[in-house]
Amino acid sequence: MNLSHHLIARLRRTLAGLQYPDVPVTLELPPSPDMGDRSCTVALALAKPLKRAPRQIAQEILQALPPDDPWIDRVEIAGPGYLNFFWSREALRQVLRGLRESGPDYGSSDLGAGERRLFEFVSANPTGPLNIVSARAAAVGDSLVRVQRKIGFDAQSEFYVNDAGRQVDLLGESVRARLREALGRPLEIPEGGYHGIYVRDLAEQARQEFPGDPLTAPARDLGRWTAQRIVAGQRETLEAYGVAYHRWFFESEIHQSGAHWQTLERLKQEGHIYEKDGALYFRSSAFGDDDDRVVVTSDGRPTYFLPDIAYHLDKAGRGYAKAVDLWGPDHHGHVGRMQAAMRALGLPVEFLEVVIVQQVNLLRGGQPVKMSKRTGEMITMDELIEEVGSDAARQIFLSRRWSSPLDFDIEMAKDRSEKSPIFYVQYAHARISSIFRKAGDGEELQESDLEALHAPEEWDLLRSLSLFPDAVETAGLQLAPHRINTYLSDLATSFHRFYHECRVLSDDPALTRARLALCRAVQVVLKEGLRLMGMSAPDQM
RNA sequence: GCGCCUGUAGCUCAACGGAAGAGCAACGGCCUUCUAAGCCGUGGGUUCCGGGUUCGAGUCCCGGCAGGCGUACCA
């Protein structure tokens, strides 16, 4: 049940019948509903190849359209040559029937044709608790995966744990420094170590539970043990946020299997590696990067880059046609080298798509909250969820494009007054639930009841429902989950207006049944949309 | 210096290359009703500036300006 697809198919057939050159047929939303429900600009696009006036072409298309379409009430030509389509009441009733049949599957499609896609996000270092930046990435990444699956991609989520390398040693040494501090010695955190107060708690845990003597064990062993504790905590945080990964991938797996050395061999064989000053360089500049990059240092250690290449190669090896990585703005400089590596290894350019999720500026009542990674002074993701709640946080993170920097005001996020737009959509859902509580077990809808729908607010609501599949499709294809949020706000507006103007439970049984069916349809779409955003659909507020 | 992101109403932000929008703030209305966390109305714009491509540019390209981030044999 997708009115847009129906119309596009109609138009394509008509254009083919007219033997026009092949141009993409897409639909727009006219600026105002009284100008139409969907609009098509093919006549404008055809003006040049046909060397004719666009309005004249529009006229020709209009006349060639099958006149007997029960879903189209009328077509108008507007402006320079827009074709504006108006749905018939029958079409809008059909939306309601279709929704009753498909339920939450409404808006699902097989557009992705089962293509396997892997979404990697957050992937924070296992050296401290997750912060607010991770909260944004988690909200965006998780919603992306949900939407991708909705439109027929076989999408999965993954967290890459950097549990190897120097930072793990530093973590071990930082824990040890805290252990010594607890014994009354001065606190000496190593250069580049971790200053956060959370390290003290980890040291206490290590004192009690580390298998062996944490004061004398190798820093790497202590670090690895601690990292595992931190990862477990990160996993709990994300689960409290409603994010469950399909897989947690540990960098140490690569070090154990030696996959990174195999990757290096492969690059060497292809002639993409050279030595300079004792270090091994990957000739990434030959594949579009600004510069060549070190993959093995002069003292023989792999840089983080080499296992990272191996990891992404592993993604391809696992049968994913596309890997989408969500990175922070501080890593955007790495996009070029990673894509260069993918190309050097023979993967198509589109294989790796990097989404840079921009920074979050944390505010409290309009004032910036100072955060410092060095001193470990920061608001953790746990504190964020505790203070503002998972739903409110996700709603804010999904209300903007990921490419925009975002101001997150904690006070505003907690606000539950009428000024706050955060609960607008959920409130609509709760209101509908309330109606159904009052209605009790209603009678079954009769086909003839639909004739009772007449108010403009009812048609407007049905029009809004008809746009859900389009919103899902756009959000999925453009990797733009905030589109779902924009759509749901519009739907909620239509509903609140309807609620205000049209009493659902009345002494007219047919009208009551019809309006209850309409409410149910709205409720299903709100709930499904909220699910795609990883938010709950409360029955009471 | 170079690279990336951002610049749209007073503020926070939407807008598949297609006809500039919403929320908040301001002002004025609506609770004896299924939830007022809601609804209705009013005002508010050189889409940072200058070129270009296009039938059509907030959107794409080039050049500026402003803010943010990055620019390691760290991750």
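Quantities reported herein were computed from a predicted structural model and do not represent experimental measurements. Residue numbers begin at 1 in each chain, while the letters A, B, ... track the order of the sequences.
Nearest heavy-atom pair, Ile273(A) versus Phe282(A), reported as atom, atom and distance to 0.1 Å: CD1-CA, 3.9 Å.
The aromatic rings of His255(A) and His260(A) are tilted relative to each other, their planes meeting at an angle between 30° and 60°. Ring-plane geometry between Phe468(A) and Tyr487(A) is classed as tilted, the angle between the planes lying from 30 to 60 degrees on a 0 to 90 degree scale.
Searching all strands for a Watson-Crick or G-U wobble partner of G18(B) with both distances below 3.5 Å returns C55(B). Remark: G50(B) base-pairs with C62(B). Criterion, Watson-Crick or G-U wobble with two distances under 3.5 Å. Checking A37(B) for Watson-Crick or G-U wobble geometry (two distances, each under 3.5 Å) identifies no partner in any strand.
If you take OG on Ser39(A) and CD on Glu76(A), they are separated by 11.0 Å, rounding to the nearest 0.5 Å. Rounded to the nearest 0.5 angstrom, Asp325(A) CG and Ser123(A) OG are separated by 7.5 Å.
Across all strands shown, His482(A) has heavy atoms under 4.0 Å from sugar-phosphate atoms exclusively, and none from any base. Across all strands shown, Met35(A) has heavy atoms under 4.0 Å from base atoms, whether or not it also approaches the sugar-phosphate. Base contact: Asp539(A) has a heavy atom under 4.0 Å from a base atom. Using a 4.0 Å heavy-atom criterion, one finds that Leu505(A) contacts the bases of the nucleic acid, with or without backbone contacts as well. Counting any heavy atom pair closer than 4.0 Å across all strands shown, Ala47(A) reaches no nucleic acid atom. Residue Asp169(A) is classed as having no contact, given no heavy-atom separation below 4.0 Å to the nucleic acid. Residue contacts shown for Gln426(A) are absent, as no nucleic acid heavy atom lies under 4.0 Å away. Looking at heavy-atom distances under 4.0 Å, Asp277(A) makes contact with a base.
A salt bridge does not link Asp470(A) to Arg483(A): none of the charged nitrogens lies less than 4.0 Å from a carboxylate oxygen.
Between the C1' atom of G56(B) and the CD1 atom of Ile57(A) lies a distance of 14 Å, rounded to the nearest Å.
C30(B) adopts an anti glycosidic conformation, its chi angle falling more than 90° from 0.
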Give me, pair by pair, the N or O atoms of the protein and of nucleotides 8-10 of chain B that are less than 3.5 Å apart, along with how far apart they are.
none

Using a 3.5 Å cut-off and no angle test, enumerate the donor-acceptor pairs between side-chain atoms of residues 331-340 of chain A and protein atoms at least two apart in sequence or in another chain.
unit_1	atom_1	unit_2	atom_2	d
His332(A)	ND1	Pro329(A)	O	2.9
His334(A)	ND1	Tyr304(A)	OH	2.6
Gln339(A)	NE2	Leu352(A)	O	3.0

Counting primed atoms plus P, OP1 and OP2 as sugar-phosphate and everything else as base, spell out the protein contacts along nucleotides 38-43 of chain B at 4.0 Å heavy-atom distance: B, S or - for each nucleotide, 5' to 3'. BSS---
